[in-house]
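Each ligand, and each atom within it, is numbered from 1 in the order the structure gives.
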Amino acid sequence: MKRFDIVVGDITCSDAEAIVNAANTSLLGGSGVDGAIHRAASQSLLEECRALGGCETGKAKLTKGYRLPAKYVIHTPGPIWQGGGLGEPALLASCYRSCLSLAAASGIETVDFPSISTGIYGYPLPQAATVALRAIMDWLSEHELPRRVRMVCHTEAVATIYRQTWNLWYAGEKADRI
Ligand code: APR
C-alpha cells in the first residue's frame, strides 16, 4: 500500500477508515465538502457534532461516519485566507497535523483529506498544496500511523496542482512521481 497518494474523486464515497471534513468552527455543517459529508452521513452526524461544542481553527475532532462508507469523520476548520500575513500557513499546517495526530491516537490506519481551505475559504491552491504536502510528509516520515494518507481532489485541475507540487518537492526519482 502506498503511504501517500493523490486521487480525484468525491470524498463522501471514500473507503478510507476516516475522511477529513473541511468544517467551520461551529461544526454544524455548511456547503462545500462539509455539506456533502453531512448529507451523505445523515442527520445523526449533525447530532453528534452538536454535542462537540465546536472546534477551533487548526484543531480537529472525531465523530462516527454513520451512513458514509468511512467509519469516522475527522472535522477540522481551516483558516480563511486573508492575504497570508495573519498566520494562515501555520493554521493550515496545524489542520493536517491535528487530523493525523488524532487519527494515529485513535488507531486509524487510512485517512483521506480534501483540499482544506481552498474552496469557500479562498486559500490559493499552490500555496495550500505546499503547506498540506509538507505537513503530511513530515508526519509520515516520523510516525507509523496512519499507514496510508490520500489527498482526494474533487477535480483533475486541483489534482494537477497537488501532483506538480508533490513531484517538485518529494519525487527524488522519476519513478517516484505521482
Ligand atoms: N469531495 C472532495 N472534495 C470536495 C468535495 C467532495 N465531495 N466537495 C468539495 N470539495 C473540495 C472543494 O473543491 C475544495 O477543493 O473541497 C475543497 C475545500 O472546499 P470547501 O468545501 O469550500 O472548504 P473550505 O474552503 O475549507 O471552506 C470551509 O465552507 O462548507 C463550508 O462549513 C464550511 O464554512 C466552512 C467552509
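- A donor-acceptor pair under 3.5 Å is formed between the side chain of Lys61 and the backbone N or O of Leu52.
- Evaluation of the ring pair (Phe, Tyr, Trp, His ring centres under 6.0 Å) rule for Tyr162 yields no partner, not counting sequence neighbours.
- Contacts of Ser44 classified as side-chain contact (heavy atoms from CB on, under 4.5 Å), with partners at least two apart in sequence or in another chain: Ser42, Tyr66.
- Judged as a side-chain contact (heavy atoms from CB on, under 4.5 Å), and not counting sequence neighbours, the contacts of Asp34 are Asn21, Ala23, Asn24, His38.
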Contact table, ligand 1 N/O with protein N/O, distance under 3.5 Å:
unit_1	atom_1	unit_2	atom_2	d
ligand 1	1 (N)	Ile11	N	2.9
ligand 1	7 (N)	Asp10	OD1	2.9
ligand 1	15 (O)	Thr118	OG1	3.2
ligand 1	21 (O)	Val33	N	2.7
ligand 1	22 (O)	Ile120	N	2.9
ligand 1	25 (O)	Gly119	N	2.8
ligand 1	25 (O)	Ile120	N	3.1
ligand 1	25 (O)	Tyr121	N	3.1
ligand 1	26 (O)	Ser117	N	2.8
ligand 1	30 (O)	Ser31	N	3.0
ligand 1	30 (O)	Ser31	O	2.6
ligand 1	32 (O)	Asn24	ND2	2.8
ligand 1	32 (O)	Asp34	OD2	2.7
ligand 1	34 (O)	Tyr121	OH	3.1

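- A 6.0 Å sphere centred on CD of Glu56 holds no more than 12 heavy atoms belonging to other residues, nucleotides or ligands.
- Salt bridge present: Arg150 and Asp112 bring a charged side-chain N and a carboxylate O closer than 4.0 Å.
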